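Input: a single structure, listed below in C-alpha cells.
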Amino acid sequence: MKFYFAPMEGITTYIYRNAHHKHYGGIEKYYAPFVSPGPDQGISMKEAKDVLPEKNTGIPMIPQIMTNRSVDFIKACQVMQNLGYKELNFNLGCPSGTVVSKKKGSGFLAYPDDLNRFLEEVFNDPMIVNKEVEISIKTRTGKVNQEEWPRLMEIYNQYPMKELIIHPRIRQDFYKNTPSWECFAHAVEISKVPLVFNGDIFRVPEFLAFVEQFPQIDAIMLGRGIIRNPELAERLFELYDENGTISEESKAAAKADVFDKKRFRVFHDELIAEYRDYMYGEKPVLYKMKELWFYMMSMFPENGKLEKKIKKTHSLDEYLSYVDELMV
Ligand SMILES: Cc1cc2nc3c(=O)[nH]c(=O)nc-3n(C[C@H](O)[C@H](O)[C@H](O)COP(=O)(O)O)c2cc1C
C-alpha cells in the first residue's frame with residue numbers, strides 16, 4: 001500500500017511538510033495545497049514560495065493547480081516544470097464558497113461539458129502528450145448530488161492521467177457526512193486509470209475495513225488522520241507482513257491510536273521553531289499551532305480541560321506550559 005499526504009491549505013505548509021518528512025516515515029508523496037493561477041498574473045510569489053524546490057529539499061512533493069482555464073493550467077504547468085516538477089495535480093475538490101462561485105474546484109464539476117473540453121485541451125498539449133509532466137486529478141464525486149458521478153467518471157476515463165484521487169463526497173457535504181464507498185466502487189468497476197482513495201481514514205479500523213472492501217486499491221491519501229496522528233502511515237504499514245499481506249494476528253494486535261509522545265514533542269517543537277522564524281510575532285505562530293490542535297487534540301482524549309486552555313491562550317509561553325502538561 002502506498003500512502004500519500006493530502007494537501008491541506010494553511011496546514012500542510014512547506015514548514016509542516018519538512019518537519020513531518022524529517023521526523024516520520026511512510027509517505028510516498030506529499031501534495032502541496034493548491035496554487036490558483038490568474039489569467040494575467042500567473043502564480044503569485046506568495047503561492048510559489050510554498051512549492052519552491054529549495055523549500056522542499058528531499059521531499060517527494062507534488063504541486064497542485066486549481067483553475068478552470070486550460071491556458072492558465074498549461075502556463076502553470078510550464079512554471080512548475082521549470083522548477084523541476086514532473087508530476088502535477090489538478091484540484092477538482094475544493095468546496096469553499098469563493099472558489100465554487102468562480103466555477104473552480106468542486107464548482108467545476110457542475111459543468112461536465114466544459115470540464116471535458118478543459119481536459120481535452122490539457123491532455124492534448126504537447127508537454128502533457130510527451131509526458132514532460134504527468135497530470136493526476138483530485139476530485140469529489142459531484143457538486144450537488146452523487147448522481148453526477150457516472151458522467152464525471154466517463155469523462156475522466158478518456159484521459160491518460162497518472163492517477164485519479166477520489167474523495168467521494170459531493171461539494172454540498174464539505175467535510176460532513178460519510179464518503180460514499182458506493183461511488184468509489186463504481187469507479188473501481190469501470191476505471192481505466194489508476195485510482196487512489198481519500199476520505200475519513202483516521203485510524204486502523206477504518207483502514208482495515210477499506211482494504212477488506214477494496215483489496216485491489218494500492219494507494220490511499222491521508223489528510224486529517226495524519227495531522228491528528230503524524231505516525232499514522234507508519235502504524236498502517238506495520239500491519240503488513242513480509243509477504244505484503246495483513247494477517248489475522250496483525251489485525252488483532254493493531255492498536256488504534258499508538259503514538260510516541262516524545263517523538264511528537266520533538267516534531268511539535270520543530271514546527272514552533274520554524275514558524276517563529278518564518279512569522280512575525282507570537283500571535284500568528286499560536287494561530288498556526290491552534291489550527292493543528294483542532295485535529296491533534298483527539299489523540300489526548302483525557303485532556304479536555306487543557307484543550308480549552310490551549311484554544312484560549314494568547315501567550316506562547318502559556319501555550320507551551322499546557323503542551324508540557326499534555327506530554328507527561
Ligand atoms: C483545512 C483543509 C484544507 C484543505 N486544503 C486542500 C487543498 O488545498 N487542496 C485539496 O485538494 N484538498 C484540500 N483539502 C481536502 C483534503 O486534501 C482531503 O481531501 C480531505 O481532508 C479529506 O481527506 P481526510 O478525510 O483524509 O482528511 C483540505 C481540507 C481541509 C480540512
Side-chain angles (χ1 to χ4, degrees), residues 1-14 16-17 20 26-27 29-37 43-44 46-48 50-51 61-68 73 76 87-100 104-109 135-142 161 163-181 183-184 195-207 209-210 217 219-230 232-233 235-236 287-299:
M1 182 64 77
K2 294 177 283 189
F3 295 108
Y4 301 162
F5 206 131
M8 293 175 74
E9 198 197 1
I11 294 181
T12 61
T13 57
Y14 75 85
Y16 187 95
R17 291 195 295 272
H20 188 273
I27 297 296
K29 296 190 240 187
Y30 289 79
Y31 288 72
F34 65 83
V35 292
S36 189
I43 295 166
S44 79
K46 190 168 167 246
E47 287 181 312
D50 188 63
V51 295
M61 191 273 275
I62 314 294
Q64 185 185 62
I65 300 167
M66 186 171 73
T67 177
N68 58 18
F73 186 86
E87 184 183 338
L88 302 170
N89 182 256
F90 179 41
N91 179 321
L92 284 170
C94 182
S96 130
T98 46
V99 164
V100 168
K104 294 183 191 173
S106 61
F108 204 2
L109 301 177
I135 306 298
S136 63
I137 290 180
K138 180 165 180 279
T139 186
R140 288 191 180 233
T141 42
M161 63 189 75
E163 283 171 319
L164 179 63
I165 304 164
I166 302 174
H167 177 52
R169 282 189 166 95
I170 53 169
R171 183 267 168 166
Q172 252 39 354
D173 290 332
F174 286 81
Y175 296 102
K176 295 189 206 89
N177 302 326
T178 320
S180 164
W181 285 17
C183 280
F184 189 71
L195 298 179
V196 179
F197 179 82
N198 167 239
D200 291 20
I201 305 289
F202 298 144
R203 302 175 182 83
V204 170
E206 293 113 48
F207 174 74
F210 179 83
I217 296 303
I220 291 183
M221 177 177 266
L222 303 166
R224 290 163 296 172
I226 198 157
I227 302 292
R228 173 180 183 271
N229 178 4
L232 181 63
R235 296 283 79 80
L236 299 181
Y287 181 80
K288 274 276 169 233
M289 297 314 291
K290 286 181 189 182
E291 259 187 306
L292 292 176
W293 279 107
F294 178 75
Y295 302 100
M296 299 187 306
M297 205 62 220
S298 67
M299 290 300 285

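Whatever order the structure lists ligands and atoms in, that order sets their numbers, starting from 1. Quick caveat, the model's predicted, so the values are computed rather than measured.
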Quick one: does NZ or CZ of R140 land under 6.0 Å from the six-membered ring centre of Y175, within 45 degrees of the ring axis?
-> yes
Contact with ligand 1 for F202, non-hydrogen, under 4.0 angstrom = yes
Mind checking whether F210 and F184 have parallel, tilted or perpendicular rings, split at 30° and 60°?
-> tilted
Check the surroundings of atom CZ in F174: do more than 12 heavy atoms from other residues, nucleotides or ligands lie under 6.0 Å from it?
-> yes
In ligand 1, the atoms that come under 4.0 Å of a heavy atom of F34 are 7 (C), 8 (O)
Steps toward side-chain contact (heavy atoms from CB on, under 4.5 Å) verdict (Y4, I62) | CA-CA 10 Å; Y4 301 162; I62 314 294; over 6 Å; no
Considering heavy atoms of the protein only, find what lies nearest to atom 26 (O) of ligand 1 and give residue, atom and distance to 0.1 Å.
-> G223 N, 2.9 Å
Taking the six-membered ring for Trp, are H20 and Y30 parallel (under 30°), tilted (30 to 60°) or perpendicular (over 60°)?
-> perpendicular
among protein heavy atoms, the one nearest atom 16 (C) of ligand 1 is P7 O, 3.4 Å
Would you say G199 touches ligand 1, if touching means a heavy atom closer than 4.0 Å?
-> yes
Report, in ascending order of atom number, the atoms of ligand 1 lying under 4.0 Å from any heavy atom of A6.
-> 17 (O)
Among all protein non-hydrogen atoms, which one is nearest to atom 12 (N) of ligand 1, and what is the separation to 0.1 Å?
-> K138 NZ, 2.9 Å
Start with the C-alpha distance between M221 and I201, add both sets of side-chain angles, then the distance that settles side-chain contact (heavy atoms from CB on, under 4.5 Å), and finish with yes or no.
-> CA-CA 9 Å; M221 177 177 266; I201 305 289; over 6 Å; no
Could you list which atoms of ligand 1 come closer than 4.0 Å to a heavy atom of H167?
-> 22 (C)
Would you mind listing which atoms of ligand 1 come within a distance below 4.0 Å of any non-hydrogen atom of D200?
-> 24 (P), 25 (O), 26 (O)
Can you tell me which residue and heavy atom of the protein come closest to atom 31 (C) of ligand 1, and the distance to 0.1 Å?
-> Y295 OH, 3.5 Å
the protein heavy atom lying closest to atom 3 (C) of ligand 1 turns out to be E9 N, 3.2 Å
Checking side-chain contact (heavy atoms from CB on, under 4.5 Å) for the pair R17/Y14: CA distance, chi angles, key distance, verdict?
-> CA-CA 5 Å; R17 291 195 295 272; Y14 75 85; 3.5 Å; yes
With sequence neighbours left out, what residues match M1 under side chain to side chain contact (heavy atoms under 4.5 Å, CB included)?
-> F3, F207, V211, I220, Y240
Which protein non-hydrogen atom lies closest to atom 23 (O) of ligand 1, naming both residue and atom, and how far is it?
-> N198 ND2, 2.9 Å
Which heavy atom of the protein is the closest neighbour of atom 9 (N) of ligand 1, given with residue, atom name and distance?
-> Q64 OE1, 2.8 Å
T12: which of I226, I227, D50 passes side-chain contact (heavy atoms from CB on, under 4.5 Å) = I227
Under the side-chain contact (heavy atoms from CB on, under 4.5 Å) rule, what do E87 and Y31 come out as? Steps first, then yes or no, please.
-> CA-CA 10 Å; E87 184 183 338; Y31 288 72; 3.9 Å; yes
In terms of residue, atom name and distance, what is the protein heavy atom nearest to atom 20 (C) of ligand 1?
-> Y175 CE2, 3.6 Å
Under-4.0 Å heavy-atom contact with ligand 1, by part of R224 that carries it | both
